[in-house]
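Here's the structure, in structure tokens; my notes come after.
Every heavy atom of this structure was used, including side-chain atoms; hydrogens, water molecules and symmetry mates were not.
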Amino acid sequence: MKIKHILLSTLLSAFTLVTVQAQHTLTQLWSTDGSLPIPESVLYSAQNKILYVALIDGKPGEKDGKGGIAKVGLDGKVIANDWVTGLNAPKGMGIIGSKLYVADVTDVVEIDIKSGKILKKHEVEGSKFLNDLTIDSKGNIYVSDSDTKKVHLIKDGKVSTYFEDLTRPNGLLAVGSDLLIADSGTLKKLSATKEVTILAEGMDKSTDGIEQVAPGEYIVSCWAGHVYYVKADKTTEKLLDTSADQTNSADIGYDPIKKIVYVPTFMKNSVVAYQLK
């Protein structure tokens, strides 16, 4: 009986260890065709049941008027790759009501979702390379500038510098009163009182998009082709590495209900959907 008890305890311990160490995974569901010219960012809209995809279609920091926004169905079929045209090098996006806001080199562009028409351009004075964008529950818009190492705030139509003690900020995510910043391989949390907490570090320095999958847990993409799962205990799991075939993973989108991660592949001109488990 004693031997059986020891064996049972050993098996239970092993099972517990495997359960604790079990990693999250990404399984590919579909990929769009290659008709999306340099997709940099994907925004999932639950309300409209669609993906908005920012297309650079040129150089990432050049004002050439080639950029635009595409619409892609949740089945991976491209609905329109020219829904919005006349942008420069659009990147991060966010939605307030019926308006889509897009970071576009030195402007935040305001677009009417129903018509696809550009309503206004909010110039961010002194900016050089506006990158990601996030919007909090109060409608405040935050946009990162990777070149000037700043995060700007657009509140009530007025632009100001929100924070600037950074290395090379890219991905942003508003969570409650906090602002998460992907800053050159480190995930930082900036409180409303501007106190910085490190949530994770040691990731590839090309950190790009951030999505929350559970309280204190996040998915972080890196442009070089890596996607990480950041746990509440500040450890990370690498879920995806497509760097060997030079497939990028830029600013991701996320469906929190179905747990689907949407990855723009940049130079491969497609968006790939993965099931998170």
Side-chain angles (χ1 to χ4, degrees), residues 22-44 51-62 64 66-79 81 89-93 103 129 131-132 146 168-171 173 182-187 200-211 213 218-231 235-255 258-277:
Q23 291 196 342
H24 297 85
T25 60
L26 288 178
T27 303
Q28 184 173 326
L29 298 175
W30 52 254
S31 176
T32 65
D33 58 29
S35 66
L36 300 170
I38 312 185
E40 199 283 334
S41 180
V42 178
L43 179 65
Y44 165 73
L51 302 176
Y52 296 103
V53 184
L55 307 176
I56 293 178
D57 195 15
K59 294 182 179 180
E62 194 167 296
D64 53 15
K66 294 181 180 179
I69 308 294
K71 292 167 78 172
V72 174
L74 301 183
D75 58 357
K77 300 292 171 53
V78 177
I79 297 169
N81 56 15
K91 301 177 183 69
M93 297 174 284
F129 195 91
N131 212 327
D132 201 13
S146 297
R168 186 170 176 80
N170 187 347
L173 181 66
D183 189 18
S184 191
T186 301
L187 181 60
E201 52 190 345
M203 294 177 284
D204 188 273
K205 290 189 180 296
S206 61
T207 40
D208 206 319
I210 313 167
E211 291 289 348
V213 296
Y218 309 94
I219 294 282
V220 177
S221 63
C222 299
W223 186 88
H226 310 287
V227 176
Y228 295 87
Y229 193 105
V230 176
K231 301 181 193 177
T235 60
T236 62
E237 298 174 5
K238 186 182 285 188
L239 303 183
L240 187 70
D241 186 349
T242 56
S243 58
D245 63 357
Q246 298 183 326
T247 300
N248 303 111
S249 48
D251 187 10
I252 53 176
Y254 184 63
D255 177 345
K258 295 184 178 180
K259 295 187 177 181
I260 298 175
V261 181
Y262 300 101
V263 180
T265 64
F266 209 76
M267 296 300 290
K268 293 298 175 72
N269 299 332
S270 63
V271 171
V272 183
Y274 293 91
Q275 182 69 60
L276 173 66
K277 290 185 179 179

Would you say the side-chain atoms of [X] pair up with the backbone N or O of [Y], donor to acceptor, closer than 3.5 Å?
{"X": "Y228", "Y": "D204", "answer": "yes"}
{"X": "T265", "Y": "T247", "answer": "no"}
{"X": "S270", "Y": "G34", "answer": "no"}
{"X": "Q275", "Y": "K258", "answer": "yes"}
{"X": "K205", "Y": "R168", "answer": "no"}
{"X": "S249", "Y": "V263", "answer": "no"}

* Asked: Taking all atoms of both residues into account, what is the closest heavy-atom pair of G171 and I210, and its distance?
  ->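 Between these two residues, the closest heavy atoms are O-CD1, 3.4 Å.
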* Please report the closest heavy-atom contact between G92 and S41, naming both atoms and the distance. =>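 Looks like CA-OG, 3.8 Å.
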* To do: Mark yes when over 12 heavy atoms from residues, nucleotides or ligands other than Q246 sit less than 6.0 Å from its CD; otherwise mark no.
  =>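 Atom CD in Q246 is not packed in, count stays at 12 or less.
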* Other residues, nucleotides, ligands: >12 heavy atoms within 6.0 Å of K259 NZ ->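 12 or below, so no.
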* Asked: E40 pairs by side chain to side chain contact (heavy atoms under 4.5 Å, CB included) with which of N131, L55, N248?
  ->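 Among N131, L55, N248, the one that satisfies the side chain to side chain contact (heavy atoms under 4.5 Å, CB included) with E40 is N131.
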* Asked: Residues in salt bridge (Lys or Arg N to Asp or Glu O under 4.0 Å) with K238, at least two apart?
  ->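 With neighbours one apart ignored, the set is D241.
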* Asked: What residues form a salt bridge (Lys or Arg N to Asp or Glu O under 4.0 Å) with D57, not counting sequence neighbours?
  ->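 Here no residue qualifies.
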* To do: With rounding to the nearest 0.5 Å, note down the distance linking CH2 in W223 to CE in M267.
  =>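 Answer rounded to 0.5 Å: 7.5 Å.
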* Asked: Say you draw a straight line from CG of D132 to CG of D251; how long is it, rounded to the nearest 0.5 Å?
  ->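 Answer for the CG-CG pair, D132 versus D251, is 4.0 Å.
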* Asked: Once the angle between the rings of Y229 and H24 is folded into 0 to 90°, is it parallel (under 30°), tilted (30 to 60°) or perpendicular (over 60°)?
  ->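 Parallel, since the angle between the ring planes stays under 30°.
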